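I have placed the structure first, in the form of structure tokens, so that the comments after it can refer back to it.
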Number of protein chains: 2
Amino acid sequence: MKLTSKGRYAVMALVDLARFDTINPVSLRDISLRQGISLDYLEQIFSKLKKNQIVKSTRGTQGGYVLSKKPNEIKLTNIFNAVDEKVKTVQCKKESKKGCNGKATKCVTHNLWDELETHINSFFEKKSLEDLLKNNSERIN
Amino acid sequence: MKLTSKGRYAVMALVDLARFDTINPVSLRDISLRQGISLDYLEQIFSKLKKNQIVKSTRGTQGGYVLSKKPNEIKLTNIFNAVDEKVKTVQCKKESKKGCNGKATKCVTHNLWDELETHINSFFEKKSLEDLLKNNSERIN
DNA sequence: TACATACCTGACTAAAATGGTCAAGTTTAC
DNA sequence: GTAAACTTGACCATTTTAGTCAGGTATGTA
């Protein structure tokens with residue numbers, strides 16, 4: 001299973017965006033400074049967020065990014081999927097006709113990982129950006 | 001977050017053990033053959049399981065491993081902890097006095113990951129080896 | 001007591017993933 | 001026309017993963 005800092009950065013950046021994009025687009029430079037994330041890395045992340053229609057961009061001076069939906073419509077699942085952090089548990093080698101390890105049937109843990117994935121995803125599907133904003137109404141910068 | 005095949009192998013091997021140790025200790029060789037896991041790798045895993053009192057070993061000819069508790073007393077949490085697969089989400093860089101990223105307060109995602117860990121661990125704390133045995137009463141070998 | 005079968009330990013490593021950096025653009029507002 | 005902003009893609013050092021390999025030690029059985 002993977003869940004690394006790329007996903008975490010994405011969430012941090014989007015929360016930042018949600019709090020500051022009320023008037024003007026927010027530049028990645030600002031997010032980079034406020035959140036302490038490398039600008040180059042942010043660009044990679046936002047490129048994916050944009051492809052997945054989570055943010056919109058405006059070019060040019062005073063340009064930047066804006067959320068493309070309301071914070072309560074952006075679930076964490078959407079974010080993680082966008083940056084390729086599928087909550088993927090370890091795969092059994094081949095899901096061929098034969099089963100998992102070349103054995104005739106599914107391996108013992110097969111259903112277990114499926115259940116786990118469901119369990120975790122349900123957590124991410126409930127949480128939206130808005131929820132995070134509420135929990136962090138104290139100022140961060 | 002990590003959850004890799006080492007943890008999965010540990011679970012597979014222990015389920016195997018639970019099903020076959022009723023009369024004699026089970027040799028790693030047998031488990032290796034039945035589950036398709038490298039013998040050398042199994043030895044590493046069982047060394048840790050033994051240190052954590054999840055299995056007991058008998059040496060010599062006809063020796064092998066036996067569960068040291070009943071299947072319903074062995075939770076998946078115990079297993080994962082034993083093989084060092086803490087369900088660890090990404091850490092914020094330093095949990096120093098200052099906060100997460102050198103900022104004055106906790107980063108926005110801090111509480112989120114904590115909640116997530118709790119959510120996942122609760123899943124593992126509920127599941128025992130016995131549960132897995134029930135789900136797999138069809139024969140696997 | 002021989003010896004096969006088991007457990008035990010630690011060093012090593014190829015391949016993949018992670019967490020970025022670097023360079024070279026293209027667009028657009030002012 | 002130029003600076004600020006986005007865009008793209010190649011590149012890479014480090015760490016983790018998923019084992020392998022080699023060389024033991026212990027012990028039940030004949």
Side-chain angles (χ1 to χ4, degrees), chain A residues 1-10 12-13 17 20-21 24-33 35-52 54-66 68 80 83-93 101, chain B residues 1-13 17 20-21 24-33 35-52 54-66 68 80 83-86 88-93 101:
Chain A
M1 170 184 298
K2 290 196 319 179
L3 252 194
T4 64
S5 56
K6 187 183 287 185
R8 193 164 65 87
Y9 285 167
M12 285 168 66
L17 204 55
F20 289 98
D21 77 350
N24 294 316
V26 180
S27 73
L28 292 191
R29 205 174 106 82
D30 288 350
I31 298 179
S32 166
L33 291 175
Q35 302 297 329
I37 306 170
S38 134
L39 177 59
D40 285 315
Y41 203 30
L42 271 180
E43 287 179 346
Q44 280 183 42
I45 293 172
F46 271 76
S47 160
K48 293 182 177 180
L49 292 176
K50 192 184 173 186
K51 273 185 198 136
N52 286 266
I54 292 173
V55 295
K56 288 181 296 191
S57 69
T58 326
R59 299 188 146 208
T61 318
Q62 305 300 333
Y65 286 94
V66 175
S68 60
F80 288 128
V83 297
D84 293 325
E85 293 231 303
K86 319 259 167 70
V87 175
K88 59 177 170 193
T89 48
V90 197
Q91 307 296 350
C92 304
K93 283 166 190 169
N101 295 328
Chain B
M1 169 186 297
K2 290 197 319 180
L3 252 194
T4 63
S5 56
K6 186 183 286 184
R8 193 165 65 88
Y9 285 166
V11 174
M12 286 168 66
L17 204 55
F20 289 98
D21 78 350
N24 294 315
V26 180
S27 72
L28 293 190
R29 206 175 105 81
D30 287 352
I31 297 179
S32 165
L33 292 175
Q35 302 297 328
I37 306 169
S38 134
L39 177 58
D40 285 314
Y41 203 29
L42 271 181
E43 285 180 349
Q44 281 183 41
I45 292 171
F46 271 76
S47 161
K48 293 183 177 181
L49 292 176
K50 194 185 172 185
K51 274 184 197 136
N52 286 267
I54 292 172
V55 296
K56 288 181 297 192
S57 68
T58 327
R59 298 187 147 207
T61 318
Q62 306 300 333
Y65 286 96
V66 175
S68 60
F80 287 129
V83 297
D84 293 326
E85 293 232 301
K86 319 260 167 69
K88 60 177 171 194
T89 49
V90 196
Q91 308 296 350
C92 304
K93 282 167 191 169
N101 294 327

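Letters go in sequence order (proteins before strands), and every chain restarts at 1. This structure is a prediction, so every number in the text was calculated from the model and none was measured.
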Taking 4.0 Å as the cut-off, does a side-chain nitrogen or oxygen of [X] come that near to OP1 or OP2 on [N]?
X        : N       : result
Tyr9(A)  : dG20(C) : yes
Lys6(B)  : dT16(D) : no
Thr58(A) : dA5(D)  : no
Ser57(B) : dC7(C)  : no
Lys51(A) : dT7(D)  : no
Thr61(B) : dC3(C)  : no
Ser27(A) : dC6(D)  : no

Keeping Ser32(A) on the side-chain end and Ile37(A) on the backbone end, is there a donor-acceptor pair under 3.5 Å?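 Yes, Ser32(A) side chain to Ile37(A) backbone: donor-acceptor pair under 3.5 Å.
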Would you check if the side chain of Ser68(B) reaches a backbone N or O of Ile54(B) as a donor-acceptor pair within less than 3.5 Å?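 Looks like yes, one N/O pair under 3.5 Å.
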Can you list the steps and then say if Arg8(B) with Val11(B) is a side chain to side chain contact (heavy atoms under 4.5 Å, CB included)? CA-CA 5 Å; Arg8(B) 193 165 65 88; Val11(B) 174; 5.8 Å; no
How about Leu28(A) and Phe46(A): do any of their side-chain heavy atoms sit closer than 4.5 Å?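 With C-beta onward as the side chain, the pair touches.
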Hey, does Val83(A) have a side-chain heavy atom less than 4.5 Å from the side chain of Leu49(A)?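 Side-chain contact under 4.5 Å: yes.
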Whole angstrom is fine here: how far is it from [atom1] in [X] over to [atom2] in [N]?
X        : N       : atom1 : atom2 : result
Leu39(B) : dC8(C)  : CG    : P     : 12 Å
Asn24(B) : dT5(C)  : CG    : C1'   : 14 Å
Ile45(A) : dT8(D)  : CD1   : P     : 16 Å
Arg59(A) : dT28(C) : CZ    : P     : 6 Å
Leu42(A) : dT21(C) : CG    : P     : 10 Å
Leu49(A) : dT7(D)  : CG    : P     : 12 Å
Lys56(B) : dT27(D) : NZ    : P     : 16 Å
Gln62(B) : dT27(D) : CD    : C1'   : 12 Å

Minimal non-hydrogen separation, Pro25(B) against Gly63(B), with atom names: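 Scanning both residues, the minimum pair turns out to be CB-C, 3.9 Å.
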Any base atoms under 4.0 Å from Tyr65(B), or only sugar-phosphate, or nothing? Heavy atoms, all strands.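 Touches sugar-phosphate only.
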[X] side-chain proximity, nearest of [options]:
X        : options                   : answer
Tyr41(B) : dG19(D), dT21(C), dT8(D)  : dG19(D)
Lys50(A) : dC7(C), dT7(D), dA18(D)   : dT7(D)
Leu28(A) : dA18(D), dG19(D), dC6(D)  : dC6(D)
Asp40(B) : dC21(D), dG20(C), dA18(D) : dC21(D)

Any donor-acceptor N/O pair under 3.5 Å between dC6(D) base and Glu43(A) side chain: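 Answer is no: no donor-acceptor pair is held.
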Any donor-acceptor pair, under 3.5 Å, between the side chain of Gln44(A) and the base of dT7(D), if you only look at N and O atoms?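 Per atom types, no contact qualifies.
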